[in-house]
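The figures that follow rest on heavy atoms only: side chains count, while hydrogens, waters and symmetry mates do not. Both counts, for ligands and for their atoms, begin at 1 and track the order of listing. The first residue in the sequence is number 1, and the count goes up from there.
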Amino acid sequence: MSKKFECVRVVIRCRPLNDTEKKDGHVCIVNMDTKNGQVTVRNPKVADEVPKQFTFDQIFDTQSLQENVYNQTAHPIVESVLEGYNGTIFAYGQTGTGKTHTMEGKDDPPTLRGIIPRTFDHIFQRIENMAKNKQFLVKVSFLELYNEEIRDLLSKNIKNKLEIRENPDTGIYIKDLSKFMIENPQEMREKLLHGRENRAVGATAMNQDSSRSHSLFQITVETNEIVQGQSHVTVGKLNLVDLAGSERQSKTHATGDRLKEAININQSLTTLGNVISALVDNKSQHIPYRDSKLTRLLQDSLGGNTKTVMIANIGPADYNFDETLSTLRYANRAKQIKNEPKINEDPKDAQIRQFQEEILNYQLKVGEV
Ligand code: ADP
Ligand code: MG
């Protein structure tokens with residue numbers, strides 16, 4: 001198969017002004033020209049300053065619907081994952097701009113469901129409609145990264161810190177991370193809810209500021225296709241990432257002590273920015289993936305074997321001007337990252353063969369693998 005590069009796809013989503021902002025007399029400084037993918041931001045502090053303009057593949061204005069955001073960002077990635085590609089969907093942006101709304105949303109009414117729950121139905125619908133000569137094994141895991149510590153949101157003991165390890169054959173993995181085999185969308189929803197509860201309980205117990213944590217919901221789809229009596233295995237991994245709030249990041253154009261402080265606040269988010277800069281700066285030889293756990297876990301999503309979409313969330317209000325501008329600049333840089341996605345064929349860690357008997361006999365039971 002020939003090498004095929006493709007850039008990280010970057011889209012912008014702007015949430016509406018909320019009631020508090022309206023009550024406080026804040027005004028909208030963001031203009032979204034959805035037809036041409038152009039976002040314009042006016043500086044509320046300097047009346048005659050030329051507005052800043054950015055162009056993206058696609059932008060979603062304050063009226064955008066969860067369903068459309070899904071169809072135009074996540075849908076093609078999920079299709080690719082079912083073919084055996086890796087896919088990543090990131091939500092980036094200041095706290096309160098709609099990252100969790102975009103990734104998880106609300107269950108009720110169903111129109112407000114976000115990307116993660118929508119992937120569940122999509123994956124199982126496609127599996128049901130696939131040819132009968134294919135078998136599937138679907139697994140999920142859910143983790144949180146806070147202050148450079150990894151916690152398993154589906155484990156019985158979420159206070160345990162997990163370690164990143166590297167296997168020469170299969171690459172980076174997290175030791176002891178629980179993975180659950182899933183048979184239907186309802187079971188997946190239960191895992192999402194369970195992890196979400198654990199996250200909230202853990203954050204309170206450990207006195208964490210939840211805007212400073214990253215979450216990663218990972219779905220692995222293994223496929224076994226019998227072609228002329230031969231089995232052909234592909235494995236696609238889907239990373240669904242709700243990043244920590246970026247607001248402190250923009251205040252880190254600092255050096256010395258202030259830089260150190262910023263790095264301590266969120267080394268993973270700082271490093272993500274550094275990795276993006278290094279990837280798009282042709283002069284950089286060294287990409288600092290190893291400087292944080294987030295970038296180590298998502299190394300393949302940035303400059304590697306993954307199809308990646310970054311959703312950069314912004315707020316419309318005047319008092320968020322600096323943050324909004326900083327997010328748009330960050331997103332603008334990320335557009336230039338080149339990935340090299342390929343179908344993962346016969347990976348050494350594929351489990352579907354060992355489970356094939358059970359799958360064929362429909363005896364697959366939910367549980368830890
Ligand atoms: P973040 O995860 O980035 O901190 P949230 O997703 O929690 O932000 O959103 C903050 C608030 O704004 C929530 O009450 C959410 O329901 C609301 N919100 C975010 N985006 C939208 C949107 N596009 N339309 C309507 N409400 C939104
Ligand atoms: Mg959030």
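When the salt bridge (charged side-chain N to carboxylate O under 4.0 Å, His left out) test is applied to Arg9, no partner is found at least two apart in sequence or on another chain.
A cation-pi geometry, defined here as NZ or CZ lying under 6.0 Å from the six-membered ring centre and within 45° of its normal, holds between Lys335 and Phe56. Cation-pi geometry between Lys139 and Phe180 is not met at under 6.0 angstrom from the ring centre and within 45 degrees of the axis.
Salt bridge status for Lys179 with Asp152: absent, with no side-chain N to carboxylate O gap under 4.0 Å. With respect to the salt-bridge test (charged N to carboxylate O, under 4.0 angstrom), the residues Arg126 and Asp121 do not qualify. Ion pairing between a basic and an acidic side chain is recognised when a charged N comes within 4.0 Å of a carboxylate O; Glu21 and Arg15 show such pairing.
Tyr92 and Tyr330 have parallel rings, their planes meeting at less than 30° on a 0 to 90° scale where 60° marks the start of perpendicular.
Here the two rings, on Phe120 and Phe217, have centers that are under 6.0 Å apart.
Near ligand 1, residues Arg13, Arg15, Pro16, Gln94, Thr95, Gly96, Thr97, Gly98, Lys99, Thr100, His101, Lys106 each place a heavy atom inside the 4.0 Å sphere around the ligand atoms.
Protein N/O/S atoms closer than 2.8 Å to the Mg ion (ligand 2), listed by chain and residue number, are Thr100 OG1.
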Show me the donor-acceptor pairs within less than 3.5 Å that the side chains of residues 304-316 make with the rest of the protein, sequence neighbours left out.
residue: Asn305; atom: OD1; partner: Lys342; partner atom: N; Å: 2.8
residue: Asn305; atom: ND2; partner: Asn344; partner atom: OD1; Å: 2.9
residue: Thr306; atom: OG1; partner: Asp300; partner atom: O; Å: 3.0
residue: Lys307; atom: NZ; partner: Glu6; partner atom: OE1; Å: 3.2
residue: Thr308; atom: OG1; partner: Ser301; partner atom: O; Å: 2.7
residue: Thr308; atom: OG1; partner: Asn339; partner atom: ND2; Å: 3.1
residue: Asn313; atom: ND2; partner: Gly98; partner atom: O; Å: 3.4
residue: Asn313; atom: ND2; partner: Thr102; partner atom: OG1; Å: 3.2

